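It should be emphasised that the depicted structure is a prediction, and the values quoted were computed from it without experimental measurement. Protein chains get the first letters and strands the later ones, always in sequence-line order, with residue 1 at the start of each.
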Protein chains: 2
Amino acid sequence: MSTAEETTAGSGGERQPWAEVTPEAARRLLVAAVDAFAERGYHATTTRDIAGRAGMSPAALYIHYKTKEELLARISRIGHEKALAILRDAADGEGTAAERLAEAVSSFVRWHAAQHTTARVVQYELEALGEDTRAEIVGLRKQVDAQVRRLIQEGVEAGEFEVPDAQGATLAIMSLCIDVARWFRVDGRWTPDEVGALYADLVLSMVGAKR
Amino acid sequence: MSTAEETTAGSGGERQPWAEVTPEAARRLLVAAVDAFAERGYHATTTRDIAGRAGMSPAALYIHYKTKEELLARISRIGHEKALAILRDAADGEGTAAERLAEAVSSFVRWHAAQHTTARVVQYELEALGEDTRAEIVGLRKQVDAQVRRLIQEGVEAGEFEVPDAQGATLAIMSLCIDVARWFRVDGRWTPDEVGALYADLVLSMVGAKR
DNA sequence: GCACACTCTAAGCGCCCGCTCAGGCTCCGG
DNA sequence: CCGGAGCCTGAGCGGGCGCTTAGAGTGTGC
């Protein structure tokens with residue numbers, strides 16, 4: 001796992017966000033769908049709108065995807081895998097638990113801010129997925145949660161953190177990070193880097209890290 | 001403002017949630033709409049579904065509401081006013097800034113957990129509102145934010161809190177509380193009271209309150 | 001006892017949805 | 001030069017959508 005494409009790191013942007021989607025027309029449709037779903041929501045988006053944004057006729061969509069829902073499924077799957085890779089890289093890195101937690105939170109938040117259109121679809125359109133896909137995605141989300149959970153437990157065991165309820169802290173931290181996708185605006189007060197740094201700091205306070 | 005109905009306090013539940021909506025048939029429709037919007041989202045909910053849940057024919061809806069959107073508007077307005085009242089009561093209460101912030105967060109979170117169906121519609125279906133209503137609701141949200149912002153500033157001025165970025169902290173706290181509506185499940189690990197207490201504690205850590 | 005307002009239903013209008021299908025390009029191996 | 005695969009379009013299907021309309025049942029004031 002853990003794709004080899006994010007070596008540039010730095011600000012959470014990816015060099016080639018949907019490079020794994022081919023052919024090019026299928027990628028164009030998928031990118032159009034991400035924009036439309038993020039703007040209006042899955043149910044309020046029409047297949048005609050998606051095809052239009054990609055510069056194609058409505059029928060072209062069905063050459064590359066069986067249904068509108070399959071588009072959402074592919075977006076959700078790729079997005080969750082990306083989110084998991086980001087957290088795993090940080091959690092498996094070097095340094096104290098506090099350093100790794102700070103890195104995990106700041107890079108996870110940077111991604112949610114910089115790719116907030118994608119993240120909005122990935123995090124808030126789960127309910128629109130079919131049963132099978134949803135079950136699969138829920139599995140991925142549990143793995144995502146487990147990374148943060150593990151980091152907190154390591155910190156507690158090492159005596160770096162002071163947390164009365166590890167599961168509650170995990171939940172709150174994930175919730176805080178994910179919700180960035182809802183409120184982040186590109187023309188707002190903060191850059192993705194700034195939000196990442198701010199949030200890493202707040203999270204260290206939440207787990208009572210010695211400073 | 002600040003309705004006189006929540007004197008029972010305790011667990012964040014209201015005795016008569018939609019008492020201000022009359023006649024009774026209009027209230028039944030509104031409650032049905034809240035359930036449906038929360039379950040499936042505004043755009044995926046049909047007027048036939050709402051009417052059916054309320055035990056009426058599809059046409060009955062249009063006797064009490066001009067459009068489907070007006071239903072959402074009334075839900076959103078009443079919900080935001082309730083949220084504002086909860087925060088204002090806590091912020092205007094007695095005690096240190098830390099005590100009032102803890103009370104504000106725990107009661108705000110209790111409401112988001114106990115009334116999570118309502119809160120989900122109120123917090124996550126803003127984009128479906130028409131332009132005029134949305135502008136009005138955005139105004140209410142600014143007032144909600146201002147309550148928390150004020151509490152944090154008071155705590156900083158009194159030397160109770162240590163916050164590098166007051167606006168950032170306000171945003172993060174609001175985000176944390178609001179997102180409860182997304183993940184809270186009645187059959188989950190926590191009761192509304194427990195989440196309220198947990199979150200009040202975490203928020204006090206975030207603002208560096210002396211303990 | 002009757003006119004009227006209020007509340008509701010059965011039926012259905014016009015529209016746009018997700019999706020299909022027959023056919024036409026273009027490119028490539030032989 | 002031909003045949004077939006891959007990609008795309010125009011036209012349109014069945015159906016469900018938000019909402020309207022005509023009219024029936026019920027309660028109230030006078």
Side-chain angles (χ1 to χ4, degrees), chain A residues 18-76 121 125-134, chain B residues 18-76 121 125-134:
Chain A
W18 299 104
E20 62 267 63
V21 182
T22 52
E24 197 253 346
R27 176 163 55 240
R28 245 163 56 221
L29 283 164
L30 189 134
V31 168
V34 168
D35 288 348
F37 291 162
E39 243 173 61
R40 307 219 238 279
Y42 174 80
H43 288 296
T45 300
T46 69
T47 52
R48 282 164 236 262
D49 181 24
I50 297 170
R53 284 176 193 239
M56 302 185 206
S57 79
L61 197 151
Y62 293 90
I63 293 158
H64 301 282
Y65 302 95
K66 275 206 290 285
T67 61
K68 176 178 150 187
E69 196 202 305
E70 197 197 306
L71 256 171
L72 178 62
R74 287 201 68 173
I75 293 167
S76 198
V121 178
E125 299 289 349
L126 263 193
E127 311 259 314
L129 289 168
E131 207 149 325
D132 291 353
T133 317
R134 184 157 68 240
Chain B
W18 299 103
E20 61 266 65
V21 181
T22 53
E24 196 255 345
R27 177 165 55 240
R28 247 162 56 223
L29 284 163
L30 189 134
V31 169
V34 169
D35 288 348
F37 292 162
E39 244 174 60
R40 309 218 238 278
Y42 174 79
H43 288 295
T45 299
T46 71
T47 53
R48 282 164 238 260
D49 181 25
I50 296 170
R53 284 176 192 240
M56 301 187 205
S57 78
L61 197 151
Y62 294 91
I63 293 159
H64 300 283
Y65 302 95
K66 275 206 292 285
T67 61
K68 174 177 150 188
E69 196 202 305
E70 196 196 310
L71 258 171
L72 178 62
R74 285 201 69 174
I75 294 167
S76 197
V121 178
E125 300 289 350
L126 263 192
E127 311 259 314
L129 289 169
E131 207 150 326
D132 291 354
T133 316
R134 184 158 67 242

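In this structure a side-chain-to-backbone donor-acceptor pair under 3.5 Å is missing from A:Arg40 to A:Thr45. In this structure a side-chain-to-backbone donor-acceptor pair under 3.5 Å is present from B:Arg28 to B:Ala54.
Residue A:Ile75 holds its CD1 atom at 10.0 Å from OH of A:Tyr42, rounded to the nearest 0.5 Å. Rounding to the nearest 0.5 angstrom, the gap separating the OG atom in B:Ser76 from the CG atom in B:Leu126 is 5.5 Å. Between A:Arg27 atom CZ and A:Glu20 atom CD the span is 9.0 Å, to the nearest 0.5 Å.
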Reading 5' to 3' through nucleotides 8-14 of chain C, protein heavy-atom contacts under 4.0 Å coded B for base, S for sugar-phosphate only, - for none: BBB-B--
Pair A:Leu30-A:Arg74, side chain to side chain contact (heavy atoms under 4.5 Å, CB included): steps then yes or no: CA-CA 8 Å; A:Leu30 189 134; A:Arg74 287 201 68 173; 4.1 Å; yes
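Per the geometry, CD belonging to B:Glu24 stands 15 Å off C1' belonging to C:dC6, to the nearest Å.
Protein chain A touches strand DNA chain D; the 5'-most and 3'-most nucleotides with an atom under 4.0 angstrom of its non-hydrogen atoms are D:dC8 to D:dG12.
Annotation: side-chain hydrogen bond (donor to acceptor under 3.5 Å, both in side chains) contacts involving residues 60-70 of chain A, sequence neighbours excluded, are absent.
Counting non-hydrogen atoms of neighbouring residues, nucleotides and ligands closer than 6.0 angstrom, the CD atom of A:Glu39 exceeds 12 such neighbours.
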